[in-house]
Protein chains: 2
Amino acid sequence: MKQITVIKGDILQRKGDINTKAYIVESGLLRSYSIDDKGKEHIYMFGPENWLVADICESNTPCQLYIDVIEDAVLTVASKEELMERGPDIDALLRRLNTMQARIIMLMSSNALERYEHFVQTYPNIIQRVPLKMIASYLGITPEALSRVRHQLTQRK
Amino acid sequence: MKQITVIKGDILQRKGDINTKAYIVESGLLRSYSIDDKGKEHIYMFGPENWLVADICESNTPCQLYIDVIEDAVLTVASKEELMERGPDIDALLRRLNTMQARIIMLMSSNALERYEHFVQTYPNIIQRVPLKMIASYLGITPEALSRVRHQLTQRK
DNA sequence: TTCATTTCTTGATGTACATCAAGGCAGGGG
DNA sequence: CCCCTGCCTTGATGTACATCAAGAAATGAA
């Protein structure tokens with residue numbers, strides 16, 4: 001349980017690592033993502049200030065995700081056991097479940113335009129801080145498709 | 001906190017209901033799903049024996065999901081508050097988060113064939129108990145697409 | 001500043017899956 | 001028992017988004 005400072009580009013966790021840490025973001029911005037067999041990145045989650053970023057996996061089993069640093073950041077690092085001892089924040093867990101539920105439903109039922117509009121409304125602060133290609137990756141579409149969606153939106157006004 | 005018996009077709013919860021219950025499945029099979037603006041159903045989760053089925057939403061706010069009965073079932077019904085008092089099962093919560101994480105990654109990176117193969121491996125017991133069109137709905141594809149994927153697989157042998 | 005790298009855009013083409021339509025089959029209710 | 005309804009499949013066509021390619025604009029390092 002300590003604080004560390006990391007800079008843009010640092011990689012905190014790779015797929016396959018075991019007994020990975022949990023990171024509480026004090027300042028800066030992280031992302032967690034997977035890389036599929038075709039080499040494509042899929043952003044699973046952004047981690048802005050006050051966010052808890054961690055791969056949820058059992059002790060001693062390899063994790064699924066990469067985690068790296070998008071903006072220079074100050075982090076509190078803890079083992080998952082430490083977090084548990086301090087009394088897990090049930091409310092935070094439930095909110096996270098809720099977020100993921102909404103994400104799953106959106107991935108199944110929304111097209112590119114609807115996903116982007118939802119993202120803008122839900123994370124207005126993130127959108128100015130990351131390149132659009134990362135937004136695209138989070139939304140599950142290509143940068144080209146996102147570019148065209150945004151073009152559409154400005155035309156429509 | 002009581003036990004109830006329900007039959008195929010019963011609807012336990014509709015989108016917009018508030019202060020909804022949590023259902024522990026003693027026997028039988030439930031499903032939770034959303035209906036999008038085009039009227040299409042998207043299955044969010046199947047609830048077989050020993051599963052906890054509940055919409056994760058704050059008290060007094062409308063829920064997102066429908067829940068209904070696929071196979072006649074015996075359920076233990078509890079308010080979410082009751083569940084909390086009995087000490088929430090952190091491990092179960094984490095496992096559920098893990099499942100959803102895997103689902104999100106799959107929805108973003110896998111095609112119809114890969115999704116189906118993964119489902120067969122992960123839920124071999126569910127697949128014999130529900131119509132294929134529900135599997136399709138869970139996978140985020142149409143029944144027609146699923147039919148063609150399965151045809152492909154049998155040919156390949 | 002200058003050069004290199006990354007990001008974003010735009011166009012042309014490709015493709016996986018959706019949609020629409022129709023027929024065969026099985027199960028359940030009357 | 002029969003009929004109706006829901007399920008599954010198959011074919012024809014449509015479409016949203018991916019892929020490929022190239023150039024302009026922004027960013028950053030030396």
Side-chain angles (χ1 to χ4, degrees), chain A residues 7-11 29 31 33 35-43 46 68-72 106-120 126-157, chain B residues 7-11 29 31 33-43 46 68-72 106-120 126-156:
Chain A
I7 64 170
K8 184 175 172 176
D10 282 356
I11 299 183
L29 185 59
R31 85 216 243 241
Y33 58 100
I35 300 184
D36 68 24
D37 27 318
K38 293 141 217 147
K40 262 182 73 172
E41 287 178 14
H42 303 275
I43 293 184
F46 291 109
D68 69 11
V69 181
I70 299 181
E71 285 175 6
D72 297 359
M106 218 194 45
L107 284 171
M108 291 204 295
S109 59
S110 297
N111 62 22
L113 175 61
E114 292 162 341
R115 290 181 200 183
Y116 176 68
E117 287 181 319
H118 182 265
F119 184 87
V120 170
I126 302 269
I127 209 168
Q128 292 129 23
R129 295 168 64 183
V130 306
L132 289 172
K133 62 173 202 165
M134 287 192 189
I135 309 284
S137 170
Y138 180 89
L139 297 178
I141 61 178
T142 58
E144 293 94 328
L146 178 57
S147 176
R148 285 183 247 262
V149 159
R150 284 162 53 88
H151 181 75
Q152 232 184 290
L153 278 176
T154 61
Q155 294 295 301
R156 184 175 295 179
K157 293 279 158 65
Chain B
I7 64 169
K8 184 174 173 174
D10 282 356
I11 299 183
L29 184 59
R31 85 214 242 242
Y33 57 102
S34 72
I35 300 184
D36 67 26
D37 26 316
K38 293 140 218 147
K40 262 182 75 173
E41 287 179 12
H42 303 275
I43 293 184
F46 292 108
D68 70 11
V69 181
I70 299 181
E71 285 176 5
D72 297 359
M106 217 192 46
L107 284 171
M108 292 203 296
S109 58
S110 296
N111 63 21
L113 175 62
E114 292 162 341
R115 290 180 201 184
Y116 176 67
E117 287 181 321
H118 181 265
F119 184 88
V120 171
I126 301 270
I127 208 166
Q128 292 130 21
R129 294 167 66 182
V130 305
L132 289 173
K133 62 173 201 165
M134 288 195 188
I135 309 284
S137 170
Y138 180 89
L139 298 178
I141 62 178
T142 58
E144 292 94 328
L146 177 57
S147 176
R148 285 183 247 262
V149 159
R150 285 163 50 88
H151 180 74
Q152 232 184 290
L153 279 175
T154 59
Q155 292 297 301
R156 186 175 294 177

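Naming convention: chains lettered A, B, ... in sequence-line order (proteins, then strands); numbering from 1 in each chain. What you are looking at is a predicted structure, and each value in this text was computed from that prediction instead of being measured.
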### Summary
Quick tally for nucleotides 21-27 of chain C: nucleotides whose base has a protein heavy atom under 4.0 Å get B, sugar-phosphate-only ones S, the rest -, giving -------

### Query
What nucleotide, of D:dT19, C:dC17, D:dT10, holds the atom closest to the side chain of A:Arg148?
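The closest nucleotide is D:dT19.
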
Whole Å only: how far is the [atom1] atom of [X] from the [atom2] atom of [N]?
| X | N | atom1 | atom2 | answer |
| --- | --- | --- | --- | --- |
| A:Arg115 | D:dA18 | CZ | C1' | 13 Å |
| B:Ile70 | D:dC7 | CD1 | P | 11 Å |
| B:Gln152 | D:dT9 | CD | P | 13 Å |
| B:Leu107 | C:dA16 | CG | C1' | 16 Å |

### Query
Taking only residues two or more places apart in sequence, or in another chain, which ones meet B:Asp10 in a salt bridge (charged side-chain N to carboxylate O under 4.0 Å, His left out)?
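Partners of B:Asp10 under the salt bridge (charged side-chain N to carboxylate O under 4.0 Å, His left out) test: none.
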
### Residues which pass salt bridge (charged side-chain N to carboxylate O under 4.0 Å, His left out) with A:Arg129, listed by chain and number, not counting sequence neighbours
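With sequence neighbours excluded, A:Arg129 shows a salt bridge (charged side-chain N to carboxylate O under 4.0 Å, His left out) to A:Glu49, A:Glu71, given in chain and number order.
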
### Message
Mind checking if A:Lys38 touches a base, just sugar-phosphate, or nothing, with heavy atoms under 4.0 Å?
### Response
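Touches nothing.
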
### Query
Considering the terminal five base pairs at each end of the helix from C:dT1-D:dA30 to C:dG30-D:dC1, what angle separates the two local helix axes, rounded to 10°?
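The end axes of the helix from C:dT1-D:dA30 to C:dG30-D:dC1 are about 50° apart, to the nearest 10°.
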
Check the interface with nucleotides 23-30 of chain D: list each N/O to N/O pair with the protein under 3.5 Å, or write none.
none

### Task
Search all heavy atoms of B:Leu107 against all heavy atoms of B:Arg115 and return the closest pair with its distance.
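Smallest heavy-atom distance, with atoms named: O-NH2, 3.3 Å.
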
Quick one, [X] and [Y] - any side-chain contact, counting heavy atoms below 4.5 Å?
| X | Y | answer |
| --- | --- | --- |
| A:Met134 | A:Ile70 | yes |
| A:Asn111 | A:Val149 | no |
| B:Arg150 | B:Leu132 | yes |

#### Entry: Residues forming a side-chain hydrogen bond (donor to acceptor under 3.5 Å, both in side chains) with B:Glu114, sequence neighbours excluded
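Partners of B:Glu114 under the side-chain hydrogen bond (donor to acceptor under 3.5 Å, both in side chains) test: none.
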
### Listed partners of B:Tyr138 passing side-chain hydrogen bond (donor to acceptor under 3.5 Å, both in side chains), at least two apart
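Partners of B:Tyr138 under the side-chain hydrogen bond (donor to acceptor under 3.5 Å, both in side chains) test: none.
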
Qualifying residues under side chain to side chain contact (heavy atoms under 4.5 Å, CB included), relative to [X], sequence neighbours excluded:
| X | result |
| --- | --- |
| A:Ile127 | A:Tyr116, A:Phe119, A:Val120, A:Ile135 |
| B:Asp36 | A:Ser109, B:Lys38, B:Lys40, B:His42 |
| A:Ser137 | A:Ile43 |

### Task
Could you tell me whether the side chain of B:Asp72 and the main chain of B:Lys8 form a donor-acceptor pair under 3.5 Å?
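Indeed, once roles are kept as given, a pair shorter than 3.5 Å links the two residues.
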
### Query
Got a sec? Which of residues 131-141 of chain A come in under 4.0 Å of DNA chain D, heavy atoms?
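DNA chain D contact set from residues 131-141 of chain A: A:Gly140, A:Ile141.
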
### Message
Looking at C:dC17, I'd like to know if its phosphate oxygens (OP1 or OP2) sit under 4.0 Å from a side-chain N or O belonging to B:Thr142.
### Response
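Answer no for this pair, as no side-chain N or O of B:Thr142 is under 4.0 Å from OP1 or OP2.
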
### Contact under 4.0 Å: B:His151 side-chain N or O vs D:dT10 OP1/OP2
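Answer yes for this pair, as a side-chain N or O of B:His151 is under 4.0 Å from OP1 or OP2.
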
### Task
Classify the side chain of B:Arg150 versus the base of D:dT10 as yes if they form a donor-acceptor pair under 3.5 Å and no if they do not.
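Side chain to base: no pair below 3.5 Å.
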
Using residues 139-146 of chain B as the side-chain source, report each donor-acceptor pair under 3.5 Å to any protein atom, sequence neighbours left out, with the distance given to one decimal.
| from | atom 1 | to | atom 2 | distance (Å) |
| --- | --- | --- | --- | --- |
| B:Thr142 | OG1 | B:Ala145 | N | 3.2 |

